[in-house]
Amino acid sequence: GTLTENRMTVVRLALASGDVEIGREGSFKLGTDFVNPVQHDVLRTALETGVLCNNAALLGEGHRGVGDPLESALLVAAAKAGLYQDMLSRKNPEIYEVAFDPDVKMMATVHDVGGSYRVAVKGAPEAVLAVSDSELTETGVVAQDESIRKRWLERNERMAENGLRILAFATKTTHERDAEPYEKLTFIGLVGLLDPPRADVRDAIDRCRSAGIQVVMVTGDQPATARGIAATVGLTDRLDADLVHGADLPDPATLSEEERRELCRTLIFARVNPKQKLDLIRLHQSSGNIVAMTGDGVNDAPALKKADIGIAMGRRGTQVAREAADMVLQDDALSTIVVAVEHGRIIFGNIRRFVFYLLSCNVSEVMVVGLAALVSVLLAGVAIAIASRRYSNRHMDNAAVIRCLGASSSFISRVYLLQLTWLGISASLVGCLLGFLAQSFLANILANLVGGILPPPGIYPALTGLLAGLITLYGFA
C-alpha cells in the first residue's frame, strides 16, 4: 500500500480447468471463451468463498468497498458476476469466524446451510494447499496428491512473477459446528489481485538513495510477488534480486557480525511475520542505523513502537497502529515521507546555521570586549610609563619654571594628571579601534566556517573605530 496504489482488483482466477480472466467491464473469460460465472460451478464457488470469508462491505452500486482493500476487491469481483454479499449472507448466515493468524497464514468463516455447516477458507497458497486433501473440478471433487500440489504451486509462482498478490480458496462441508476448520479441505483455486505501483514511487526511491536513505521492503507476500513489485518500483533492477524468506530468517542473537552486515544490506524480505519485523528493526538499530517503519495492522504495533520513527497508515491503518506510531501518514504514500524528510532536513540545517551564526556573533563580541579592555590597559600603562619617565626627568625644571610664574604645587599636579588622563583616553580609543577590527575579522572567519550564509556583523563598528583611531592619532600629535 505504501509502494502501490492500494487499489486492488481481481484480474485472474486459476481453477482446475484453467485460468479465468476478469475484465474491467465485468466479463469472465476462460481461455478464449466467455463464461457465465453463475452457471460455472467451480467459478461460482470460488467467488462465493471470497464473499463469505470476508469482513469488508460494498457501497452503492458495488464498485467501491469499505474495509481492507484486498477483501473489498473480492466483493467487487463477485458483484460483477451478480453475487452480492447481502444475498449470500442471508442464504449462508455466518456462525463464527476464525480470525487471520500470521503464523497460520489463513482465516476461516463457518456458515449455517440448513443442518450442516459450510467452512470458507482463504489464505496463503502454500498454507491452504498443505491442509487440503482434495480439489474441486468441473466433474466434482477429486483427491489431491503431491503432484497436484506441486502443479498448483508452480501456477502460483507464475502468477506471482507478474506482480500479482495471490490468495488461495478452499471449502468443506461438515456436520460439526466446532470442527477444526483447517483440515481435510477441498481446494478451489487461486485468485490473482493486481495492485499497480504508485506513479511517483520510483522517483521517491531514487531521491531516498540520493539522500543516503536505504529503502527496505518487508512484506507478508510471497517471494515472487515481492521481487516483481520491487523490480517494478525500482527498488531492484532484476527479478532474481537477493531476498530473505521469513522461514529462513534466523534469530538475530545467533548471528555473526558478517551475517548481521549481510542482513542489513538486504533490501527485500518476504513472508515475514510481525515478530520478525521487530527483530529486523532491532538488528538495524544495533548496527547504528536510524530506523523508520511503516505499518497498519494491530500486529505491527510493537515494531512501530520500537522504531525510531513509527509511521502508521492514515487510510487503512488500525487505531492500535496509529496510537503506537509517532506520526500518521494521511495518504499512505512513500513520496509524502520523502517530502517530509526533505523539509525536516531543511529546518534542521537552518537551525544549525542560525546557532553557528549566533555563536560567531557572541564569541566575537566577547573577544572584542576582552581584547579591547586588554589593549586599552596595556596601552594606557605604556603611555603612563612613558609619561612618567618623561615628566620625571623634566618635572623639576618644569616645576621650577611654573613656580617662577607664581603657580602653586596643586596646580602643577592637576596639569600633570590632565596630561596623563588624555594619554589614557587616547590609548583607550586605540584599543577600541583594534577591538572593532578584531570583531570584524573574527566574524568573517566564523561566517566562512559555517558557510558564509550571513554577512559579518563588524563592518560598521570598524568604521566607527577608525574614526576613533584618527582622534587618537591627533591626541598623540
Side-chain angles (χ1 to χ4, degrees), residues 1-6 67-70 99-103 105 165 195 197-198 200-201 204-205 207-221 226 229-230 233 235 244 246 249 251-253 255 260 263-349 351:
T2 307
L3 301 178
T4 58
E5 294 284 354
N6 203 30
D68 185 88
L70 185 148
F100 177 79
D101 187 339
D103 295 326
K105 297 184 178 67
R165 297 188 67 177
D195 187 9
R198 295 178 185 266
D200 55 356
V201 165
I205 291 177
R207 286 157 63 190
C208 284
R209 290 197 183 102
S210 300
I213 301 173
Q214 180 184 8
V215 180
V216 180
M217 177 191 292
V218 182
T219 178
D221 288 329
I229 294 176
V233 301
L235 186 60
V244 175
L249 192 60
D251 185 354
L255 295 175
R260 285 174 175 269
L263 277 180
C264 288
R265 288 193 294 265
T266 303
L267 300 181
I268 310 174
F269 296 85
R271 289 293 190 223
V272 175
N273 61 45
K275 180 182 179 303
Q276 290 173 327
K277 291 182 182 179
L278 186 61
D279 291 338
L280 287 173
I281 289 175
R282 289 172 175 164
L283 177 65
H284 278 277
Q285 288 176 334
S286 65
S287 300
N289 298 323
I290 304 298
V291 182
M293 181 229 173
T294 61
D296 58 1
V298 175
N299 293 327
D300 291 330
L304 289 170
K305 196 73 173 177
K306 178 63 178 174
D308 297 290
I309 305 173
I311 307 172
M313 301 295 102
R315 291 183 176 177
R316 71 179 191 276
T318 61
Q319 185 65 28
V320 175
R322 295 180 188 181
E323 292 178 356
D326 299 296
M327 59 190 301
V328 178
L329 192 62
Q330 293 295 337
D331 60 357
D332 297 0
L334 177 65
S335 58
T336 303
I337 300 177
V338 177
V339 172
V341 172
E342 289 178 347
H343 283 279
R345 290 189 174 185
I346 291 172
I347 294 172
F348 177 77
I351 292 174

Nearest atoms (heavy-atom pairs only) where [X] meets [Y]:
X: Thr266; Y: Gln214; answer: O-NE2, 4.1 Å
X: Ser335; Y: Ala204; answer: CA-CB, 4.0 Å
X: Leu255; Y: Leu283; answer: CD1-CD1, 4.5 Å
X: Ala303; Y: Lys277; answer: CB-CB, 4.3 Å
X: Val201; Y: Leu3; answer: CG2-O, 3.1 Å

Report yes if the side chains of [X] and [Y] come closer than 4.5 Å at any heavy-atom pair, otherwise no.
X: Arg209; Y: Ile205; value: yes
X: Gln330; Y: Thr336; value: no
X: Ile311; Y: Val328; value: no
X: Arg282; Y: Leu280; value: no
X: Pro302; Y: Pro274; value: no

Donor-acceptor pair, [X] side chain versus [Y] backbone, under 3.5 Å?
X: Asp326; Y: Gly310; answer: yes
X: Gln319; Y: Val298; answer: no
X: Arg260; Y: Pro252; answer: yes
X: Thr219; Y: Asp221; answer: yes
X: Glu323; Y: Val320; answer: no
X: Arg345; Y: Ala211; answer: yes
X: Arg322; Y: Gly314; answer: yes
X: Thr318; Y: Asp296; answer: yes
X: Asn289; Y: Gln285; answer: no

What is the distance from atom NZ of Lys105 to atom CZ of Arg271, rounded to the nearest 0.5 Å?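 The NZ atom of Lys105 sits 6.5 Å away from the CZ atom of Arg271.
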Salt bridge flag under 4.0 Å for residues Asp331 and Arg315: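 Here Asp331 does not pair with Arg315 in a salt bridge, since their nearest N and O are not under 4.0 Å apart.
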Please determine whether a side-chain nitrogen of the Lys or Arg among Lys275 and Asp279 lies less than 4.0 Å from a carboxylate oxygen of the Asp or Glu.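 Counted as a salt bridge, because a side-chain N and a carboxylate O are separated by less than 4.0 Å.
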As a test of understanding, state which of Asp308, Val291, Leu263, Ile290 forms a side-chain contact (heavy atoms from CB on, under 4.5 Å) with His284.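 The option that passes is Val291.
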